[in-house]
2 protein chains.
Amino acid sequence: MGRLKSGELAKQAGVNVETLRFYERKGLLPEPPRRESGYREYPEESVRLIRFIKRAQELGFSLGEIQELLALRVRPGTTCAEVRGRTGRKLADVRQKIADLKAIERALTKLAASCSGRGPVNHCPILENLDGELSSGPKSPRDRGRT
Amino acid sequence: MGRLKSGELAKQAGVNVETLRFYERKGLLPEPPRRESGYREYPEESVRLIRFIKRAQELGFSLGEIQELLALRVRPGTTCAEVRGRTGRKLADVRQKIADLKAIERALTKLAASCSGRGPVNHCPILENLDGELSSGPKSPRDRGRT
DNA sequence: CTTGACTCCGTACTTAGATACGGACTGTAA
DNA sequence: TTACAGTCCGTATCTAAGTACGGAGTCAAG
C-alpha cells in the first residue's frame, strides 16, 4: 500500500478534497499519477507535504512563499552561491520571525507573572512590553501581493 | 506634535488610510477623538499599534487573534487564574510557532551547508529535514474562520 | 476667499485562499 | 447488477483582509 486516493489524502492531512485540486492548480502539489479511470493516486508522503503547507501558512507564509521554500534544493546546474543566496534570504526571514515571536513570548510571560503582582494593568501590556522590540517596518517590501 | 491625522498615521505606519478605518470598524483600532470637523486625531502611539498588527499578521495571526492578544491584560475584576488561563493559551501557541520555525531554520541551515558538500540534492530537503519535527496536525481546531 | 490636498462616509470592488455545485463517470460491496 | 459513495472537471461562491470610489465637507498656503 502507499497509494492514496484524493479523499484519503485529504482526510489524513486534514484538508478538504477541493483544496488538493486547488493546490495542484497552483503548482504547490505536484500532479500525481492517475489510474486508467483518471483517479489520482498520491504517494503517501503527500500527507507530510500538505501538512507542511498548512503549518507554514499558520507561520505567516503565503502560498507563494511556501512554494519558494519547497523549491529550495541543490540541483545539478546550480552554483553554490546561488543556493546560499536563495536559502539565506529565507533564513533571515525565518530568524526575524523567531525573534519577533520571542518578543511576544516575553511579553506574555511577563503578563502572566504580573498577575499575582500588585496593581491591575489597564494599558495594553502586550504593546508596552514589546516596546522597541518588534521589527516594526518592512525592511524589504513584502511580496505577498504578487500575481 | 503628538496628534496625527489619518494620512499621517497611515504614512508613518506604512498602511493605507482606508486600512485605518477598516481596523476601526473591526474594533482593532480604538476610535480616536475627533475635532469639531469630524477629523480623527490619533495619539502618536497608534503608530506602534498599527505596526504591531501588521507584524503579527506576518507571524500568522489573524485579525481576530490579534484582537485577543491586544485585549490581554490584568483588569480590576479579573481573577489571577483567568489571566493566566487566557495568557497561557496564547503562550503555548506562540511557543509552538517558535519551535516550528526553528525546525525550518535547521532545515535551511542544513541545506546551505550541504551546498558545498558532495552530491546534488534532488528531493525536497526542506521537507526531508523537517521529518517528524513540525507539529503536524491541529491539536485544537483552529478558529481562524469565525464571524 | 479660492484652490488643491486632505478628510469624511457609505458602498462597491479586489485578491488570496478555500469551498461548493452539478452532472457524468468509477469502484465496490451487498 | 445495482446502488451508492467517491471521483472527475469546470465554474461559481464564500470569507478575510484590504482598496477604491464618489460626492460632500475641511484645512491651509497663497
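In what follows, every chain begins at residue 1, and chains take the letters A, B, ... in the order their sequences are listed. These values consider heavy atoms only, across backbone and side chains, with no hydrogens, waters or symmetry-generated copies. These figures come from a predicted structure and were not determined experimentally.
Contact check, Y23(B) against dG18(D): a side-chain N or O comes under 4.0 Å of OP1 or OP2. For dT19(C), the OP1/OP2 oxygens have a side-chain nitrogen or oxygen of T19(A) closer than 4.0 Å. Taking side-chain N and O atoms only, Q57(A) has a distance below 4.0 Å to OP1 or OP2 of dA18(C). Between R40(A) and dC8(D), a side-chain N or O to OP1/OP2 separation shorter than 4.0 Å is present.
Atom NZ of K26(B) is separated from atom P of dG18(D) by 9 Å (rounded to the nearest Å). The separation between L4(B) atom CG and dC6(C) atom C1' is 15 Å, rounded to whole Å. Regarding Y42(A), its OH atom lies at a distance of 10 Å from the P atom of dT7(D), rounded to whole Å. If you measure from atom CG of L9(A) to atom P of dG6(D), you get 15 Å, rounded to the nearest angstrom. With rounding to whole Å, E24(B) atom CD is found 15 Å from dG18(D) atom P. What separates CD1 of I53(B) from C1' of dA17(D) is a distance of 12 Å, to the nearest Å. A straight line from CZ of F22(A) to C1' of dC8(D) spans 19 Å, rounded to a whole angstrom. Atom CD in Q67(A) sits roughly 13 Å away from atom C1' in dA16(C) (whole-Å rounding).
The side-chain contact (heavy atoms from CB on, under 4.5 Å) search around F22(B) returns R25(B), K26(B), L63(B), not counting sequence neighbours. Taking R21(B) as the reference, nothing meets the side chain to side chain donor-acceptor pair (under 3.5 Å) condition, with sequence neighbours excluded. Taking the side-chain contact (heavy atoms from CB on, under 4.5 Å) definition, one finds that E105(A) meets it with K102(A), T109(A), L91(B), V94(B), R95(B), I98(B), sequence neighbours left out. For E24(B), the side chain to side chain donor-acceptor pair (under 3.5 Å) partners two or more places apart in sequence, or in a different chain, are R40(B).
Only one option out of L9(B), L20(B), L4(B) pairs with S46(B) in a side chain to side chain contact (heavy atoms under 4.5 Å, CB included); it is L9(B).
How far CG of L101(A) is from CD of Q96(A): 10.0 Å, rounded to the nearest 0.5 Å.
By the 4.0 Å N-to-carboxylate-O rule, K11(A) lies too far from E8(A) to be salt-bridged with it. Between R86(A) and E82(A), at least one side-chain N (NZ, or NE/NH1/NH2) sits under 4.0 Å from a carboxylate O, which counts as a salt bridge.
The side-chain tip of K97(A) points at the ring of F61(A) from less than 6.0 angstrom away and within 45° of straight on.
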Please produce a list of atom pairs where a protein N or O lies less than 3.5 Å from an N or O of nucleotides 20-24 of chain C.
residue : atom : partner : partner atom : Å
dA20(C) : OP2  : N16(A)  : ND2          : 3.0

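When heavy atoms are screened at a 4.0 angstrom cut-off, K54(A) is found touching the sugar-phosphate backbone but no base atom.
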Subject >> Base versus backbone protein contacts along nucleotides 25-30 of chain C [heavy-atom cut-off under 4.0 Å; B, S, -] >> reply: -BS---
